[in-house]
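Input: a single structure, listed below in structure tokens.
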Protein chains: 2
Amino acid sequence: MTGHDNLWMRPERPARGPRPSFSRAALAEAAIRIADAEGLEAISMRRLAADLGAGTMSLYRYVTGKDEVFDLMIDTAVGEYLPEDRRPPDDWAEGLRLLAWQARRTMLRHPWLAPLAAGRPQAGPNSARLTESALGMLDGIGLSVDEMLTLVGAVFAYVHGYIQSELAEAEAMRRLGLTLAQRLARHLSYIQSLIATGNYPMLERMTKEAGREYTAADDRFAYGLDRLLDGIAAGLPPRGETEGPVSPR
Amino acid sequence: MTGHDNLWMRPERPARGPRPSFSRAALAEAAIRIADAEGLEAISMRRLAADLGAGTMSLYRYVTGKDEVFDLMIDTAVGEYLPEDRRPPDDWAEGLRLLAWQARRTMLRHPWLAPLAAGRPQAGPNSARLTESALGMLDGIGLSVDEMLTLVGAVFAYVHGYIQSELAEAEAMRRLGLTLAQRLARHLSYIQSLIATGNYPMLERMTKEAGREYTAADDRFAYGLDRLLDGIAAGLPPRGETEGPVSPR
DNA sequence: GGTAAAGTGAGTACGGCGTACTCAGTTTTT
DNA sequence: AAAAACTGAGTACGCCGTACTCACTTTACC
């Protein structure tokens, strides 16, 4: 036990011995490439090692197990939330909105990210930069740190939840049949049988009226995000005062 | 191919042949019992069959594969969102709030539910009842069906996202060390090393100021939910008019 | 009441997985 | 020169999902 049981505390280069033949970043990149192309399930230690041109068990010199591979992937991808060149807007709500949209774009580009990140707390360097950035946006508007964390947590909860449902929908369509029509027909016949009982008036309306005005996934995402930010803003203390009507506790 | 490739359309009792020795409901219950006690990973076809006192391959008479086991579990658990005895409140926001709280309570009782349900669209009978109920709450306030779906989707996105992060936190604490102190120390030493660079002023404040006022997970959940519902309400068309300032498109 | 359908537990098998362990050999720092 | 830490290769264990067969029992229909 060297005392470094945390991935991010462990030095990447050993004190002595030969130079490792690839880097953590390369490992993360290779894993991300596989997951992007073939899904999360395609990642195995054997496959990853093969892609890196390494022996399977050599990976365990870089990483204590598969979980740390996932940690590396997550933190690398989370880095894409934050473009380094642009400074965040002055308005906190604008800043969080921008962050949310960048997060969504990243999670759509890496469909494995949202489901994977949802299940584990994040502690890597890019996650730290993200937290730093988000909290920085809220600095100076009269909130305590605890309140800031509650507020940011609410926004990210929505973002993660929305994107996961968006991805699940897309994934189901991609997997079963190719066409939307096929997929609907599959479930619709069951829903029709429910409607026939007469106990589902709203579902009946749904089958008849839904889809009249097509709402893009972008717009649905924007709707919830903007309502949430509106509601938060309405509850914040007005400028100069320390207590608002509904501040995040 | 009998034509019933949908689990819910397939008759539970065969037209001929002996009575199956257990029911779909019993299968779902057994799986839920395992997952509640030992986590989702503890569920395997072999284990599930053993618990049911059945041969492993006999399960495939009830279900086409493990995925359908999950579908059964999800739909059974989702049934707990909706207590049958109580009628929903007249106010739509009150109704959705209540539903959200019931969903959260159920997902905390079954920690495997949120991660599992997030990844797949739901099409079972209880999911249908849930959709029916949620849409019914929004009936008569001047929204189209598409708008209702967008609105409900936003609320559930938040609920799912929040609970998953809540569960991830709890899980990480349960798994690593038992105490909160241990877990914090593990990551804190890394965060301290970041702070030492001077580039993370907000993280520095966080380590010093966070936790002054303890915010219960319940309160944080309520905060985001209530802000979201507030924001939605503020955007809805006022009574009697058909166009509001920000209606869900 | 016979027949066909659909259930049953048991067993075998295949290919994949994470990961623990060994080994002989090489590279780098002290 | 010595020690540390890397390397690919190989072996092994115990899980997993699920496909397939077998001899059998139970039930519904004609």
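A, B, ... follow the sequence lines: proteins, then strands. Residue 1 opens every chain. Please read all numbers here as calculations on a predicted model, not as lab measurements.
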Residue set satisfying salt bridge (Lys or Arg N to Asp or Glu O under 4.0 Å) with Glu204(A), at least two apart, ordered chain then number -> Lys208(A)

Tell me whether the side-chain N/O atoms of Tyr62(B) come closer than 4.0 Å to OP1 or OP2 in dT8(C).
yes

Could I get the full list of side chain to side chain donor-acceptor pair (under 3.5 Å) partners for Glu166(B), not counting sequence neighbours?
Arg104(B)

Acceptor/donor pairs from residues 42-53 of chain B side chains to any protein atom, 3.5 angstrom cut, sequence neighbours excluded:
from: Ser44(B); atom 1: OG; to: Arg47(B); atom 2: N; distance (Å): 3.1
from: Arg47(B); atom 1: NE; to: Asp51(B); atom 2: OD1; distance (Å): 3.1
from: Arg47(B); atom 1: NH1; to: Glu38(B); atom 2: OE1; distance (Å): 3.1
from: Arg47(B); atom 1: NH1; to: Glu38(B); atom 2: OE2; distance (Å): 3.3
from: Arg47(B); atom 1: NH2; to: Glu38(B); atom 2: OE2; distance (Å): 2.8

How about CZ on Arg109(A), more than 12 heavy atoms from neighbouring residues, nucleotides or ligands closer than 6.0 Å, or not?
yes

Can you name the salt bridge (Lys or Arg N to Asp or Glu O under 4.0 Å) partners of Arg205(A), sequence neighbours left out?
Glu209(A), Asp139(B)

Classify the nucleic acid contact of Ser44(B) as base, sugar-phosphate or nothing, counting any heavy atom under 4.0 Å across all strands shown.
sugar-phosphate

Rounded to whole Å, how long is the line connecting atom CZ of Phe70(B) with atom C1' of dC16(D)?
12 Å

Sub-4.0 Å heavy-atom contacts from residues 27-36 of chain A onto DNA chain D, ordered by number:
none

Toward the 5' end of DNA chain C, by each residue's nearest nucleotide, Thr64(A) or Glu41(A):
Glu41(A)

Less than 3.5 Å apart, which donor and acceptor atoms pair up between the side chains of residues 111-118 of chain B and the rest of the protein, not counting sequence neighbours?
from: Trp112(B); atom 1: NE1; to: Asp36(B); atom 2: OD1; distance (Å): 2.6

With sequence neighbours excluded, residues passing salt bridge (Lys or Arg N to Asp or Glu O under 4.0 Å) with Glu29(A)
none

Can you run down the ring pair (Phe, Tyr, Trp, His ring centres under 6.0 Å) pairs that involve residues 18-61 of chain B, sequence neighbours left out, and say none if there aren't any?
Phe22(B)-Tyr62(B)

Residues of residues 45-57 of chain B with any non-hydrogen atom less than 4.0 angstrom from an atom of DNA chain C: list those, numerically ordered, please.
Arg46(B), Gly53(B), Ala54(B), Gly55(B), Met57(B)

